[in-house]
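Single-structure report; data block below.
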Amino acid sequence: MTSRFHSDLDALTDDVNEMATLVCSMLDRSVTAFANGDREMAEWVLERKDEVSRLDSLIEDEALRLLVLHQPMARDMRRLATILKIITYMERIGRYAKNIATAALDLMDEGLHTPMPKIATMGGLAVDMVRDAIKAFESGDISLVRDFGPRDDELDRMRYDYLRTSLEEMKACACNVDVYSSYLMVARYLERCGDNACKMAEKTYYMVTGRRIEIR
Amino acid sequence: MTDNIIDINGLNLWYGDNQALVDVSMPVMKNKITALIGPSGCGKSTLLRCINRMNDIIEGCRVEGEIMFHDRNIYSPETDVMGLRKKIGMIFQKPNPFPMSIYENVTYGPKVHGVNSREALDSIVEECIRSSALWDEVQDRLGASAMSLSGGQQQRLCIARALSVSPEVILMDEPTSALDPIATSKIEDLAQELKRDYTVVIVTHNMQQASRISDYTGFMYMGKLIECGKTEEIFENPQEELTERYITGRFG
């Protein structure tokens, strides 16, 4: 192994950080677009979808190239293994952001958008988890993800709380079905974003310590 | 069941005034492959050569500490060194067959140790050449010169020769560094087969080779054993910073 390998690995890590920043912004803006009915922001998210796919492929190809050519060991191997896993989680988060932005546009197109402060709160929690998972990967500071278990539980709790409320609203009037089924889907996407942030945190923990944990 | 076949305890070695091994202690597990890795001059070949007292022939070499093999210190004055080397054989970096026939290479050792019947020798030859995964390639030309074989075949013949005196431990000093990838792969597969019946200790500069074939790995640096443990742990998550830096190429 040469120093060339390490500079290539650093460059690859920069690409991962770029993808992470992009995905986090997409999720953040998709939540704002949905909560506030902001068309411009929803469109901004949809325009970034291809960039996420491009970075995902680029990083995967480069990570495989480095694995094949250099057969790295120890912390270098753990970093590459982590990168290969977390780009999948980040790509999924990007896809959920796209789905949330699409749902926002659909409601706006049909004139059905209703302010829902709870979804903004839930979105804020999910975005914070993704942001902290990314910061932990960038800095190696695993203390940032230590409380991910309770934070993920809170997201799950909010989603079920939302489910109950939405069902009540839909039972009360069939006219609420379109809006609340859309809100339910978004709550589900946000809860899944939290799960993916947990997976990112688990892989980052492995990268830093060499030990595996399960966040539950 | 796995247990220690060899225990190295507090081993120090000097070549004249130069100390080449510093307080090395490690077990060698029975029926496992143990790899010794480290930069050039770290003492890994010296340590390997201590295990069957090959360093005895080097002038000015002095050893302190003990290497226990079957509850006896091989460095005690009572040790029969010839008998020890029969039990602990050595394969070198460069294949070194005797300039004789393939058959005679394998029968040389048994003959020295008193086996003379043609039947017994034939049986040893077939068994050892089969065990070294060479039989299919040479069975119809056992009388041919060993020097007519390819490098990889010569190295497997050397392994057959080592097996011919029924050793318990086989020491390999960079056994594939002079071989191409195909011959290397055959020797690596062979090492995996051999550990069923023998214990293997291998010195290698090739970390991928150590990680591919060994069960335990010891990392040496400047005559000291820095870390020794299960291979997957050493290569995935070494405990010592020096080991980490060496295996990730951040050395020096």
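Given the structure is predicted, the values throughout are model-derived calculations rather than measurements. The chains referred to below are lettered A, B, ... by the order of the sequence lines, with proteins before strands, and numbering in each begins at 1.
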Quiz prompt | Passing candidate, side chain to side chain donor-acceptor pair (under 3.5 Å) with B/K195, options B/T34, B/D215, B/N31 | solution = B/D215

Quiz item: Are A/S30 and A/Y189 linked by a side-chain donor-acceptor pair shorter than 3.5 Å?
Solution: no

Quiz item: For the residue pair A/Y183 and A/Y162, does the interplanar ring angle fall in the parallel (under 30°), tilted (30 to 60°) or perpendicular (over 60°) class?
Solution: parallel

Practice problem: Would you please go through residues 88-95 of chain B and name the residues with a non-hydrogen atom below 4.5 Å from one of chain A, in numerical order? | Solution: none

Exercise. Take atom NZ of A/K85 as the centre, draw a 6.0 Å sphere, and report whether it contains more than 12 heavy atoms from other residues, nucleotides or ligands.
Key: no

Exercise. Measure from the ring center of B/Y246 to the ring center of B/Y221 and say whether it is less than 6.0 Å.
Key: no

Quiz item: Just by modelled atom types, is the B/R245 backbone N or O under 3.5 Å from a matching donor or acceptor in the B/R250 side chain?
Solution: no

Quiz item: What part of A/R75 is in contact with chain B, defined as an atom under 4.5 angstrom from a non-hydrogen atom: side chain, backbone, both or neither?
Solution: both

Exercise. Measure distances from B/S211 to the heavy atoms of chain A and classify the residue's part below 4.5 Å as side chain, backbone, both or neither.
Key: side chain

Quiz item: Going by atom types alone, do A/T32 and A/D38 pair a side-chain donor with an acceptor below 3.5 Å?
Solution: no

